Amino acid sequence: MSTYTEIEKKWQKHWEDNNVFKAQNKSDKPKYYYLVEFPYPSGAGLHVGHVRSYTALDALARKKRMNGYNVLFPMGWDAFGAPAEQYAIKNHIHPKEAVQRNIETFKNQIKSLGLSIDWSREFATTDPEYYKWTQWQFLKFFEHNMAYKARKNINWCPNCKMGLSNEDSSGGVCERCGHPVEQREKEQWMLRMSTYAEDLISGLEDTKFQDRIKTAQINWIGKSTGAEVEFKLKEVNDNLVVYTTRPDTLYGVTFMVISPEHPLIEKYQDKINNMSEIKAYQEKAKNKTEFERTQMNKEKTGVKIEGLTGINPINNDEIPIYASDYVMMNYGTGAIMAVPAHDERDYEFANKFNIKIKAVIKGGDISKCAYTGDGEMINSGILNGLTNKKDSINKMISYLEEKGIGHKKTNYKLQDWVFSRQRFWGEPIPLVYCEDCGWVPVKEEDLPVLLPNVTNYEPTDTGESPLAAITDWVNTTCPKCGKPAKRETDTMPNWAGSSWYWLRYMDPHNDKEFASREALDYWEKLDFYNGGMEHATRHLLYARFWNQFLYNIGLVPNKEPIETRVSHGMILGEGGVKMSKSLGNVVNPDDMIKMYGADSLRCYEMFIGDYEKEVAWNEQGLNGCKRFIDRICRIGEKVIDQKGYSNNLEILINQTIKKVSEDYDAMKFNTVVSALMILLNEYEKQENITKDDYRILLVLFNPIAPHITEELNEKYNLGEAIYKTSWPTYNPNKIVSDEKEIAVQVNGKLRATIKININDSEDKIKEMALSEENVKNHTRDKEITKIIVIKNKIVNVVTK
RNA sequence: GGGCGUAUGUCGGAAUAGGUAGACGAGACGGUCUCAAAAACCGUUAGUAGUAAUACUGUGUGAGUUCAAGUCUCACUACGCCCACCA
């Protein structure tokens with residue numbers, strides 16, 4: 001066991017006993033709110049990846065306090081959802097017990113790192129006192145017609161036996177287990193997130209997210225502009241509406257495609273001559289998983305709809321209609337106009353089904369399909385001769401609108417949020433179904449709707465929540481009319497609890513409101529939020545959507561909940577592969593703390609590399625950081641009882657204060673550590689060092705290694721406890737030494753270095769440079785055309 | 001296919017705004033201490049040639065701008081991540 005363990009325990013207790021990190025909801029100081037995504041307390045325990053981001057935010061929080069801020073840095077537990085439930089099922093215990101046990105483990109592990117967390121604000125999303133307010137907020141969505149129940153095809157994981165949102169099933173496989181996702185028709189609660197698409201895009205302007213995060217969100221929301229165009233049907237008095245981003249190519253339409261699930265088929269099944277063929281195709285498409293549909297994107301399939309023909313509204317051409325699964329029902333209108341000359345997918349389809357191809361944009365090779373790009377419009381009636389894509393599109397849209405056969409239309413890939421889960425371990429959706437009154441919200445005073453105690457919490461094959469089997473719980477009375485009624489048995493997705501939790505930390509023990517208005521107004525929003533890059537499009541969008549809704553109904557003070565968002569890089573196993581149990585390369589932080597001490601582990605994870613990049617674990621490197629800390633301890637023997645900085649260290653110390661302060665703020669922790677190593681290397685060359693020399697090293701290192709720095713500060717009696725101290729400032733007049741070594745180049749190549757005084761004149765420096773032996777060697781027999789002197793940096797002698 | 005990003009010794013990585021490339025750490029090699037080892041400490045460590053001074057080459061590849069390019073511009077290659085039959 002490391003000798004550091006005792007020291008670490010001592011200071012952790014000291015901080016706790018003295019409430020050092022407790023944030024106040026009122027203060028004369030400016031506020032700052034740091035948050036790192038709270039963990040799922042899974043059975044695997046803390047990962048060294050957690051240590052990286054927790055330490056980074058802890059270092060920032062500690063420095064910010066020393067900079068005079070009232071800092072909120074809380075921690076809690078995201079404990080609902082599949083991981084906790086699956087752990088419980090596997091280990092045959094109740095999820096509640098599993099969660100409690102895992103939280104205990106996580107908390108002890110996190111505490112052993114010595115993070116400056118305000119533990120008085122801790123909660124878990126599974127606490128009834130917390131999920132009461134999650135339910136309450138859901139009812140606000142319901143009240144404002146933002147929640148609705150719809151029978152629709154949803155992504156269904158047959159392995160987890162659960163419905164998934166689009167976000168949970170990207171790539172056609174279940175996010176949790178990797179099993180291919182099927183389509184199932186189910187009644188699902190939905191949140192109207194798609195109505196916030198535009199606000200979720202524009203709101204990004206009010207954040208300081210990195211561009212890569214903004215881009216990821218914008219791409220996910222998937223805004224596109226184009227037009228909806230009505231095609232009359234020849235055989236019946238009805239329209240088929242298509243969505244296109246290229247209305248300018250309307251003259252090039254040679255067929256139309258509708259999704260196999262398109263309602264048109266059922267509606268006119270009497271008119272369709274090959275219904276059985278179509279039915280067979282529909283069946284095939286339905287059984288295809290989303291995964292297969294995307295994997296087999298090369299080979300187009302489809303079937304012609306015999307008996308229905310579209311009429312091109314621009315020129316009255318008769319247009320055959322096909323059903324094909326390359327058209328999705330959940331985007332646009334589920335129907336497209338196909339322009340094979342200028343769209344690759346349409347081209348492939350036309351080729352396979354021998355449909356004619358008609359070019360409407362000049363240039364490019366039709367046999368290879370010439371999509372996009374500006375070009376002269378041909379065979380296009382009113383558009384002929386136009387050469388600019390934008391002009392052509394605008395002209396066509398005006399024409400369509402004028403004639404009443406189409407209009408401008410914006411579409412988004414973002415869908416409404418599938419908010420039901422058929423699982424036990426989630427917040428019960430607080431609604432009751434009454435035969436007479438329909439869906440009725442549970443009264444506020446009856447919240448929370450608690451999860452019942454049951455023995456069987458495993459998912460069912462029927463697609464019903466396990467809660468449905470608990471008749472005592474299901475049967476209730478209608479909150480409106482008092483007649484017998486039934487509870488909703490679906491639960492919320494695990495994303496629900498994390499969609500507003502930062503608000504609860506502001507006022508975590510409030511039993512009257514989810515947070516008081518005073519607390520909300522004081523803390524406002526997250527100033528700094530750290531989390532995984534994998535959450536850039538899901539958790540972050542859900543959280544922003546939820547907050548924007550709360551803002552719109554006047555419950556929170558800010559439209560955007562997060563000012564700055566940063567993401568840490570993953571920590572990989574030795575050799576650069578992902579840490580996994582099966583590879584046996586998982587590093588347990590507890591073991592590392594035992595062997596090297598928490599400060600060494602923290603220091604190593606900050607030193608390991610660029611914070612945002614993934615990096616491979618290397619225990620030798622950790623040992624190197626322990627050596628560094630050992631040396632810091634040993635240098636204490638050189639301390640003499642003297643104030644002020646040593647004369648010959650003064651410049652380096654001031655430079656280091658400047659660099660370290662700036663690098664902390666820029667999250668360049670690796671160079672913070674290296675700058676401190678350079679400082680220590682210099683101390684070691686000294687006969688002895690002053691108390692202030694020693695203390696400044698400890699103060700600058702304190703955010704990363706808080707225990708040992710406090711201990712040494714106390715042991716050598718250097719001053720007040722570091723956590724009570726202000727962050728040091730540097731003397732700007734003492735960061736440049738008078739003497740400097742600069743380079744001398746001849747034609748850009750280094751030939752010598754000279755020692756100059758910073759007050760030396762340019763002429764003197766030129767003279768010194770030219771008198772260097774090696775410079776003479778390279779300028780001999782040559783004409784010097786120019787001598788460039790960059791102050792305090794370089795001299796470049798240019799010859800012909 | 002689309003979007004975003006990355007490329008520097010044996011390895012992780014440094015290099016404010018174009019100005020001495022390889023800081024700092026790891027590893028390796030040599031040494032001190034020790035009966036020995038570990039730990040600790042000292043030295044060397046981009047490549048090639050040379051005893052050395054020094055010279056040449058060198059930041060994925062090829063061009064360009066500049067007195068000067070890891071850094072700026074253009075083209076290319078490789079890898080990574082995210083999205084993807086989204087009309």
Side-chain angles (χ1 to χ4, degrees), chain A residues 170-172 210-216 218-220 222-224 226 242-246 249 257 293-300 324-328 330-339 343-346 348-349 371 411-414 533-534 536-537 569-570 574 576 604 607-610 612-625 627-628 630-631 634 658-659 662-663 666 668 670-678 680-681 684 741-753 773-774 777-778 785-799:
Chain A
S170 57
Q210 295 157 311
D211 283 342
R212 60 174 177 156
I213 294 173
K214 287 188 182 182
T215 314
I218 288 167
N219 288 346
W220 186 272
K223 180 177 182 173
S224 79
V242 301
Y243 173 70
T244 178
T245 54
R246 297 298 303 272
T249 61
V257 185
R293 261 168 97 150
T294 50
Q295 281 300 297
M296 294 158 80
N297 60 3
K298 273 153 204 121
E299 196 60 17
K300 291 278 179 293
S324 172
D325 62 8
Y326 85 91
V327 173
M328 308 291 147
N330 56 12
Y331 183 78
T333 62
I336 63 158
M337 56 178 232
V339 185
D343 181 282
E344 207 177 322
R345 294 150 304 176
D346 297 346
E348 278 173 32
F349 193 89
Y371 192 55
N411 265 328
Y412 303 90
K413 287 190 226 171
L414 186 72
M533 200 55 202
E534 71 275 16
T537 49
M570 226 195 310
E574 302 216 20
Y604 171 60
F607 186 56
I608 195 166
D610 185 332
E612 297 204 337
K613 284 193 201 139
E614 63 175 28
V615 67
W617 184 262
N618 174 10
E619 201 167 321
Q620 298 289 354
L622 171 51
N623 194 40
C625 286
R627 277 206 281 257
F628 173 53
D630 289 344
R631 283 163 56 210
R634 253 180 274 138
K658 180 172 192 282
K659 175 159 183 64
E662 287 167 359
D663 285 356
K668 290 165 80 176
N670 52 341
T671 50
V672 167
V673 177
S674 80
L676 295 173
M677 286 172 168
I678 291 168
L680 178 67
N681 289 346
E684 285 179 339
E741 195 177 66
I742 66 165
V744 182
Q745 297 179 334
V746 178
N747 293 325
K749 292 202 173 188
L750 180 71
R751 296 303 178 194
T753 57
E773 200 54 38
N774 202 33
N777 289 341
H778 287 88
T785 52
K786 217 194 300 187
I787 300 175
I788 293 160
V789 179
I790 306 294
K791 209 169 186 317
N792 295 333
K793 277 194 177 151
I794 204 162
V795 179
N796 192 7
V797 182
V798 186
T799 68

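Lettering follows sequence order; numbering is per chain, from 1. In this text, all values refer to a predicted model and were calculated from it rather than measured experimentally. The analysis underlying the following values was restricted to heavy atoms, covering all of them including side chains, and did not include hydrogens, waters or symmetry mates.
Within 4.0 Å of Ile788(A), counting heavy atoms only, lies at least one base atom of the nucleic acid. The residue Glu741(A) sits close to a base: some heavy atom pair falls under 4.0 Å. Within the nucleic acid shown, Ile790(A) comes within 4.0 Å of at least one base atom, counting heavy atoms only. Lys668(A) comes within 4.0 angstrom of the backbone, heavy atoms only, and of no base. Using a 4.0 Å heavy-atom distance criterion, Gly624(A) is classed as a sugar-phosphate-only contact. Gln745(A) comes within 4.0 angstrom of a nucleotide base, judged by non-hydrogen atoms across all strands. Counting non-hydrogen atoms under 4.0 angstrom, Asn681(A) reaches the backbone sugars and phosphates but no base.
Minimum atom distance to the side chain of Trp220(A) is reached by C83(B), of the listed C83(B), U20(B), G27(B). Checking C85(B), A14(B), G19(B) against every side-chain atom of Ile794(A), the shortest atom distance belongs to G19(B). Of the candidates U20(B), C85(B), G3(B), G3(B) carries the atom nearest the Asn219(A) side chain, counting heavy atoms from C-beta on. Looking at the side chain of Asn796(A), the nearest of the listed nucleotides G13(B), A68(B), G25(B) is A68(B). Looking at the side chain of Lys749(A), the nearest of the listed nucleotides A40(B), U57(B), A23(B) is U57(B).
Whole-Å rounding puts the Tyr326(A) OH to A87(B) C1' distance at 8 Å. Nucleotide C83(B) holds its P atom 17 Å from the OH atom of Tyr331(A), rounded to whole Å.
Side-chain to base pairing of Lys413(A) with C83(B): no donor and acceptor N or O lie closer than 3.5 Å to each other. Below the 3.5 angstrom threshold, one finds no donor paired with an acceptor across the side chain of Lys786(A) and the base of U66(B).
Arg751(A) has a side-chain polar atom (N or O) that falls below the 4.0 Å cut-off from OP1 or OP2 of C56(B). OP1 or OP2 of U54(B) has not a single side-chain nitrogen or oxygen of His778(A) nearer than 4.0 Å. Distances shown here put a side-chain N or O of Asn774(A) below 4.0 Å from the OP1 or OP2 atom of A55(B).
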